[in-house]
Structure formats: C-alpha cells, structure tokens
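This report refers to the structure that appears directly beneath it.
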Amino acid sequence: MVKAIVVGAAGRMGRRIVTLVHQTEGIEVAGAVERCDHPLIGTDIGGICGLGEIGVLLDDTLDACIDRGDVIIDFSHHEGALSHVTTAVAHKKAAVIGTTGLTDDEAASVRELGVGTRCVVAPNMSVGVNVMFQVLQHITAILGDDFDVEIVESHHNLKKDAPSGTAVKMADIIADELNRNMVEDGVYGRKGMVGERTKKEIGVHAVRAGDIVGEHTVIFGGIGERLEFTHRAHSRDNFVKGAIRAALWVVDRPDGVYDMQDVLGLRA
Ligand code: NAD
C-alpha cells in the first residue's frame with residue numbers, strides 16, 4: 001500500500017486528491033498538510049472532504065507528518081512548493097509536484113533539488129493535455145515558420161497565476177521547435193497601437209471567467225487557412241487521476257526529475 005501525504009489538502013484540488021486517493025486501491029491518505037494559519041488545522045481531513053472521519057488530521061507543516069508517507073502530492077502555492085520538495089528530499093520520500101505559478105528561479109531550484117529523490121513535476125497532469133503536448137511538437141515541426149502561433153487559455157475566476165502553467169509549457173514546446181524563446185518572442189496580451197504582428201512572436205492570452213475548469217486552444221494561423229487544437233477539462237478529476245497515477249508510478253523509480261510524458265510512457 002502506497003502512503004500519500006497531500007499538501008494543500010483543503011484546497012480545491014487537495015480535497016479531490018484526498019477523496020480519490022481514499023477511493024483508489026493500492027494507495028491511502030497517510031497525511032494532509034495546509035498552510036500554518038489555515039482555520040481547519042487539526043480537523044480530520046476526511047470530514048473536510050465529506051468522506052467522514054478517516055483518522056488523518058490536517059497538519060500545519062509537512063515536517064509533522066513526512067515520516068508517515070511514501071510520497072507527497074503537492075497542489076498548494078508556488079511559495080511553499082520549494083520547501084516541500086526540500087523536505088521530501090531530506091527524508092528520501094518521493095514527490096509529485098502539481099503546483100503551478102513557480103518563478104523561473106523557484107522552478108529551477110525544484111528541478112535541481114528534485115534529483116535528490118524520485119520526483120514528478122508537471123504543470124498539467126491530464127492525459128489529454130500530455131498527448132496534446134506531443135501533438136503540438138509534431139505539428140509545429142511540420143508547419144514551421146509559415147503559421148502564426150497564438151495560445152488562448154481560459155480558467156475560473158479564482159485562479160491566481162497567469163498565464164496557466166499549461167499554456168507556458170505549450171508555448172515553450174512550440175518555441176523550442178521553432179528555435180525561438182518565450183523571453184524574446186512571447187507576447188502576453190495586446191493593447192493599443194502595437195503595430196503589425198511580427199513573424200516570430202508567439203501570443204499567449206489568459207481569460208478568467210466563472211467556473212471554467214481549464215481550456216487551452218492553440219491556433220496556427222496561415223494564409224487562407226488555420227488549424228486550432230483545443231483541450232477542455234470538464235472537471236478537476238482528470239488532473240487528480242493523473243496525479244495519483246504519477247504517485248503510484250514514481251515511488252519505485254530511481255532518483256530523478258520526471259514529468260507526465262515519462263509517467264504515461266509518451267516520451268519518444
Ligand atoms: P486552491 O487555492 O484551492 O488550493 C491551494 C491550497 O494550498 C489552499 O488550501 C492553500 O491554503 C494551500 N496552501 C497554500 N500555501 C501552502 C503551504 N505553504 N503549505 C501547505 N498548503 C498551502 O488552489 P487549487 O485550485 O487547488 O490549485 C492548487 C495548485 O495546483 C495551483 O498552483 C494550481 O494552478 C495547480 N493545479 C495544477 C494542476 C496540474 O494538473 N498540475 C491542475 C489544477 C491545478
């Protein structure tokens with residue numbers, strides 16, 4: 001039985017992770033962690049998630065419960081993710097990091113530190129999105145510089161970071177394939193007299209409205225035609241199932257930093 005510690009456990013994703021881990025064979029909830037000032041610290045996480053009591057109280061630090069787990073599943077906040085990886089590495093526990101919005105420095109540090117244990121880092125754990133990452137790479141290689149690339153992502157009005165980690169990853173995949181980079185060629189929204197679109201730019205646009213779970217459309221605009229690829233998440237459970245799959249996969253791997261392409265066997 002794999003013992004999972006859910007970090008950010010009382011959040012929107014955390015509650016679904018606790019619920020589905022509890023309902024999945026071969027894995028169980030061994031710990032639940034929230035930020036230290038969360039009002040539900042000390043409460044049974046099963047009760048918080050509507051499962052009834054499961055005998056796991058919400059802790060205010062990962063250190064308090066790390067020894068009870070085999071793997072941490074982190075869907076919390078970018079400011080905490082690095083310290084959670086540090087704790088996992090120090091205790092030789094596996095880690096699945098789904099938290100997005102990390103700064104470039106934080107993301108680099110997570111990758112540097114993560115090699116000290118078994119670690120999956122993925123801004124989007126859905127199977128469909130990870131297949132789309134592959135498709136985008138192939139399509140971009142075929143279409144090359146002749147098509148203008150624009151990415152539009154839409155999420156609920158409570159999302160804190162923009163653009164989404166998934167849109168950032170899609171943009172990076174496309175930019176790499178076209179020998180461009182998003183620092184120089186990324187354009188994030190447009191307003192005013194911005195002039196004609198340059199051939200190299202890759203546009204990224206974030207919509208925030210209502211309760212949209214997550215949508216990503218990549219437009220390849222050519223002359224006289226365009227291609228559009230869209231992924232729509234209908235519920236958070238597709239990310240949750242991916243995270244649980246990653247947790248079960250990573251516990252027995254050699255130390256290293258992996259992503260969902262590795263978990264799903266999609267890496268060429
Ligand atoms: P949320 O705000 O509902 O939940 C985050 C929870 O983390 C909150 O309960 C908050 O109190 C807690 N938290 C904040 N700082 C913490 C800390 N230092 N230690 C422990 N807990 C802490 O947000 P959400 O919608 O559940 O999303 C959480 C994260 O997961 C976001 O970064 C989001 O973008 C990301 N996400 C990733 C995927 C994916 O597939 N990788 C999918 C959906 C969401």
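Both counts, for ligands and for their atoms, begin at 1 and track the order of listing.
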When you look at S164 and H155, which way does the side-chain hydrogen bond (donor to acceptor under 3.5 Å, both in side chains) test go after all the steps?
CA-CA 8 Å; S164 70; H155 284 86; 4.6 Å; no

Are T103 and D105 close enough that a side-chain donor and a side-chain acceptor fall under 3.5 Å?
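There is no such pair between these side chains.
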
When you check the side-chain N and O atoms of D60 and H38, is any donor under 3.5 Å from an acceptor?
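On atom types as modelled, these side chains do not qualify, holding no pair under 3.5 Å.
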
Checking R12 now: which residues fulfil salt bridge (Lys or Arg N to Asp or Glu O under 4.0 Å) with it, not counting sequence neighbours?
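None.
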
So does R118 pair up with D252, basic N to acidic O under 4.0 Å?
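No.
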
Backbone N/O of T198 and side chain of E201: donor-acceptor pair under 3.5 Å
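Yes.
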
Applying a heavy-atom distance cut-off of 4.0 Å, which protein residues contact ligand 1?
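The 4.0 Å shell around ligand 1 contains V7, G8, A10, G11, R12, M13, E34, R35, H38, F75, S76, H77, G80, H84, G98, T99, T100, A122, P123, N124, M125, K159, K160, D161, F239.
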
